[in-house]
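What you see is a predicted model, and the numbers here were worked out from it, not measured in a lab. Whatever order the structure lists them in is the order used to number ligands and atoms, beginning at 1.
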Amino acid sequence: MTTVFLDGQFMPIAEAKVPVMDRGFLFGDGAYELIPVYSRRPFRLAEHLRRLQHTLDGIRLANPHAEAEWMRLIGEIVARNDGDDQSVYLQVTRGADTKRNHAFPAQVVPTVFIMTEPLVTPPPAQREQGIAAISAPDMRWLRCDLKTISLLANCLLRQQAVDAGCVETLLFRDGFLTEGAASNIFVVRDGVLLAPPKDHLMLPGITYDVVLELDAAHGLPAEVRPVAEAEARGADELWMTSSTKEVLPIVRLDGQPVGRDENAVRPGPVGRRMYDWYQAFKQTVMRAGE
Ligand code: PDD
């Protein structure tokens with residue numbers, strides 16, 4: 001049985017219960033992180049915890065744990081559960097009040113929940129063939145840099161893709177690419193990697209950073225700048241990146257093939273290389289931790 005951590009205790013998932021007055025339940029008032037674990041080693045943990053701090057600062061919620069304590073708790077949840085490759089989910093909410101009130105309660109006792117699931121990355125066939133995506137106007141709020149549990153817009157947008165038989169929805173705001181419903185989006189044009197800048201309109205992805213680091217390490221040209229919708233639609237390659245999807249090529253957008261060769265709907269060469277670099281990098285990090 002899966003073991004989770006809730007408010008200071010490890011317990012079987014079936015026993016983990018949250019009061020209905022919890023502000024996470026009533027208002028979606030909380031922060032979360034999702035950390036991939038390879039061979040029982042959390043990947044880029046310090047960076048995930050730094051982003052958690054950024055979110056907590058953004059929603060004015062004091063971090064209930066110091067970094068070392070988070071690391072200990074995450075290490076323990078990984079050790080207590082099966083599987084070498086896991087996906088650790090942690091959530092901090094503003095806790096339970098005695099009555100429903102939009103303004104913060106005077107006494108804030110945050111709820112801390114950590115669970116882990118098997119890490120499921122895209123199957124090889126999906127990676128090799130690439131995936132189809134749709135697009136939609138980005139109708140989310142203006143603090144998309146915060147990883148909050150208020151994910152209704154993201155859920156609706158992802159469901160739109162699923163309803164259309166696709167995997168992801170690319171979001172455009174005011175004529176520019178922001179990101180995906182639950183991923184960051186990269187564009188390749190004429191051998192140059194284009195990435196929207198990390199601002200309030202997108203989540204600063206941990207995978208996004210790794211991709212840009214690998215790009216620089218291999219001497220590929222990259223431009224981090226606003227990407228116009230027309231540039232994304234006319235891309236040679238499109239990829240989605242996230243902790244669970246890693247680097248996944250998009251070969252159709254709104255039914256149109258991505259790339260110049262309309263007869264060959266298949267992932268492009270830059271994305272293939274990036275995927276290989278990403279896998280090699282993961283191996284290096286895991287070995288270095290030994
Ligand atoms: N989501 N943008 C959004 C809106 C996301 O939800 C995610 C990831 C990303 C990629 O971030 P990272 O590379 O740090 O995983 C970008 C996670 C996987 C989730 O919500 O489950």
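Ring pair Tyr89/Tyr32: centre-to-centre distance below 6.0 Å.
By the 6.0 Å contact criterion, CZ on Arg225 is enclosed, its count of non-hydrogen atoms from other residues, nucleotides or ligands being greater than 12.
Note: Trp70 and His65 have perpendicular aromatic rings, judged against thresholds of 30 and 60 degrees for the angle between ring planes.
For Gln53 and Glu67, the side-chain atoms include no donor-acceptor pair closer than 3.5 Å.
Both tests do not hold together for Arg94 against Phe27: distance to the six-membered ring centre under 6.0 Å, angle to the ring axis within 45°.
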Atom pairs, nitrogen or oxygen, ligand 1 to protein, under 3.5 angstrom:
from, atom 1, to, atom 2, distance (Å)
ligand 1, 1 (N), Lys147, NZ, 3.3
ligand 1, 2 (N), Glu179, OE1, 2.6
ligand 1, 13 (O), Ile206, N, 3.4
ligand 1, 13 (O), Thr207, N, 3.0
ligand 1, 13 (O), Thr207, OG1, 2.5
ligand 1, 14 (O), Arg51, NH1, 2.8
ligand 1, 14 (O), Arg51, NH2, 3.1
ligand 1, 14 (O), Ile206, N, 2.9
ligand 1, 15 (O), Ser243, N, 2.8
ligand 1, 15 (O), Ser243, OG, 2.7
ligand 1, 20 (O), Tyr32, OH, 2.6

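Counting side-chain heavy-atom gaps under 4.5 Å among Ile, Leu, Val, Met, Phe, Trp and Tyr, Phe104 is found in no cluster with other residues.
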